[in-house]
2 protein chains.
Amino acid sequence: MNADPVLDLHSVRIVRAIAELGTISAAARALGYSQPAISQHLRRAEARLGTPLVARAGRGVRLTEPGQVIARHAITITSALDAAGGELAELVGLRTGTVRIAAFPTASSTLVPRLLHGMRRQHPGLRASYVEAEPPEALGMLRDGLVDVAITFQYPGDRADPHRDGDATLESTLLYTEPVVLALPEGHPLAARDVVALADLADERWIAGCPLCRGHLLAACEAVGVTPRIELETDNAVAVLNLVASGLGVALLPRLALATAPVPPGACVRATSPSSDRGIQVVVQSGAGRVPAVAAALAQIRSEDGAEWHLRQAATGR
Amino acid sequence: MNADPVLDLHSVRIVRAIAELGTISAAARALGYSQPAISQHLRRAEARLGTPLVARAGRGVRLTEPGQVIARHAITITSALDAAGGELAELVGLRTGTVRIAAFPTASSTLVPRLLHGMRRQHPGLRASYVEAEPPEALGMLRDGLVDVAITFQYPGDRADPHRDGDATLESTLLYTEPVVLALPEGHPLAARDVVALADLADERWIAGCPLCRGHLLAACEAVGVTPRIELETDNAVAVLNLVASGLGVALLPRLALATAPVPPGACVRATSPSSDRGIQVVVQSGAGRVPAVAAALAQIRSEDGAEWHLRQAATGR
DNA sequence: TGCGTCGCATAACATCGGGTTATGAACGCG
DNA sequence: CGCGTTCATAACCCGATGTTATGCGACGCA
């Protein structure tokens, strides 16, 4: 960390232009300034440096030895700056860059592949990295700057909701909401109904998912005054469905999970009452959405997944 | 000649400081600014570049990808600038540099060796080049930027005096004046006098020196109404004196010439009437005296040659 | 050699970038 | 759960740096 350099970029560029063009006027034109501007700047620079940089030579000017020294270094300096500027321009122009994405497990096999594919198609220069993480961890990574975009979900009424705790450093937007459905064995008496009341499931054995899902299960049951008996836990949706099909219990599943794991024979899904929707959120650091590469990823997420999902919803008549 | 770079030095230095120190406040302290100054500059830079450079990370800030790009180039850029600045500082500090000197032939064996020796002693880092040239040529080279310092002489009343023709691009200062003396054979009748009148030499055969000296001879004689008969010409002072010793004619010689060529047996020198002094001038490009290396040379010339000469003059009782 | 054109320097003036201090809000720590 | 630290914002101020206008010297050409 050295002191302020007496040699500023402007002087370097000016000296360089004069070295190449031979006159102050021409340099001024080339740099887009008026002639006196260059003259005065030179005088100031000379005063700072303590030595003349140019000497009048008949009609034009000529560089003194110190001036020639600057001119000699000018190419190096400006090219170093141009290199940085060029790389920056590539970043801004989305011809390069990296987006680091975190998303919850279920998204890994649904949203994320589409997203990464779309990114590659739209911005071949961009590189994307992906890491699977549950919402709390994903938000932690976001806060720590380990990822740029976090795709999370959030259950309504979630007490420790990380999205709306007034954290001004994060910006989250709701991508869409999806219903949480009940998975139960096909032969189950309640399977005859279209909509199953949670209160009627007080005596069931429950299969819980990830901690957040389990939390939602507890909260939802508590809301109707029952306490679920949780006997099995797995965050693997396929396993959950197969366990249900085997008659080992019932489970709540976000509908997205069904996209990754088709309902096996012996199990079926039903809407619940009261119904509950899980929100799919996309979260970035506050202001990070203005970083070109991140912005591109956000746009991709919203257009591809959001729009397509809504279309799909409309088609299925929900 | 590209357009103005969006990436200025200030931003580079700031980003670099933030990258190394982790907080805006620390960077501000390190750079000698207030904290809001850095904040605002960053905002401006981000607006210019079209992308955020830093993102808040808990207590401090963290660089975004574009910011990291700048930080990565920062070392290159600042080191390139420091290299130029350092070289410039050496120039200004007289630890290096070049002075190109031109002087008239007689000075080559008197003034110039002392000057070069003194320069080497006082400023070992400075390099000096020397070229021998008659005053008109020396001034031409000066004007063309081929040399930095010209040591010339000038006869009084010189019509085409290159020193005072209002040439504002050159600055000349009088080092000292030296008398022009008459060389004549020892046996010559006028040799009996201490001072010889030019008018009495109307019928002599003359030996002329360099064009300028010849011009002075003609002018001096014309001033007293005589026209010298010039039979021999040589710019070699030794030859002139030997020719005079051989009785082949008389000659006018600046006294400096006697320092290079001792008066041989058979010749002697006398003052002339009217007397005439030749001025020894040191000339530089206007303003070039402020270039450190040139300034050092000028100081050396004035102190060493000027002072010593005056001392010598006092010692010889002139 | 005198004139027209070009280029640099200077003066007078305008303006805005970039600085400062003051103050508020958020974060993390003890 | 306050306290220190850090960043952001506002209000203000100033001087660096630009502009136009003008004068002068240098070159080239007839």
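Reminder, nothing fancy here: chain letters follow the sequence lines and each chain counts from 1. Remember, it's a predicted structure, so these values are computed and weren't measured experimentally.
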Counting heavy atoms from C-beta on, name the nucleotide in D:dT6, C:dG19, C:dA9 closest to the side chain of A:Arg56.
C:dA9

Counting only side-chain nitrogens and oxygens, does A:Arg43 get under 4.0 Å of the OP1 or OP2 atom of C:dC8?
no

Heavy-atom side-chain proximity of A:Ile101 to A:Val147 below 4.5 angstrom:
no

Rounded to 10°, tell me the angle between the two end axes of the helix from C:dT1-D:dA30 to C:dG30-D:dC1, each built from five pairs.
40°

For A:Glu87, what residues pass the side chain to side chain donor-acceptor pair (under 3.5 Å) criterion, not counting sequence neighbours?
B:Arg72, B:His73

Whole Å only: how far is the CZ atom of A:Arg13 from the P atom of D:dG18?
12 Å

Any side-chain N or O of B:Arg44 below 4.0 angstrom from OP1/OP2 of C:dG18?
yes

Indicate every side-chain donor-acceptor pair of residues 129-141 of chain B with a distance under 3.5 Å to a residue at least two apart or in another chain.
from	atom 1	to	atom 2	distance (Å)
B:Tyr130	OH	B:Ala103	O	3.4
B:Tyr130	OH	B:Ser108	OG	2.5
B:Glu132	OE1	B:Ser108	OG	2.5

Heavy-atom check, side chain of B:Leu53 versus side chain of B:Ile14, under 4.5 Å
no

Between B:Ser25 and D:dC7, does any side-chain N or O lie under 4.0 Å from OP1 or OP2?
yes

Starting from C1' on D:dG18, measure out to CG on A:Asp8 and report it in whole angstrom.
15 Å

Grab the CG-P distance between B:Leu9 and C:dG17 for me, whole Å please.
19 Å

Taking atom P of D:dG18 as reference, at what distance in whole Å does atom CD1 of A:Ile24 sit?
13 Å

N/O contacts under 3.5 Å, protein versus nucleotides 21-23 of chain C?
none

Gap between atoms CG and P, on A:Leu21 and C:dC8 respectively (whole Å):
11 Å

So, does A:His41 get its side chain near the phosphate of C:dA9, meaning an N or O under 4.0 Å from OP1 or OP2?
no

Does some side-chain heavy atom of B:Arg48 sit less than 4.5 Å from a side-chain heavy atom of B:Ser11?
yes

State which of D:dG18, C:dT20, D:dT9 makes the closest approach to the side chain of B:Ser39.
D:dT9

Using whole Å, report how far CZ of B:Arg62 lies from P of D:dT6.
18 Å

Drop me the distance from A:Gln154's CD to A:Asp277's CG, to the nearest 0.5 angstrom.
11.0 Å

Measure from CG on A:Leu31 to C1' on D:dT19 and round the result to the nearest Å.
16 Å

Side chain to side chain contact (heavy atoms under 4.5 Å, CB included) partners of B:Pro52, counting only residues at least two apart:
A:Arg290, A:Val291, B:Glu46, B:Thr64

Taking all heavy atoms of B:Leu146 and all of B:Arg100, pick out the closest pair and write down the distance.
O-NH1, 3.4 Å

Residue met sooner reading DNA chain D from 5', once B:Val54 and A:Ile38 are mapped to nucleotides:
B:Val54

Is the distance between the ring centroids of B:Tyr33 and B:His10 under 6.0 Å?
yes

Which residues pass the salt bridge (charged side-chain N to carboxylate O under 4.0 Å, His left out) test with A:Arg56, sequence neighbours left out?
none

Separation of B:Glu46 atom CD from D:dC7 atom C1', in whole Å?
13 Å

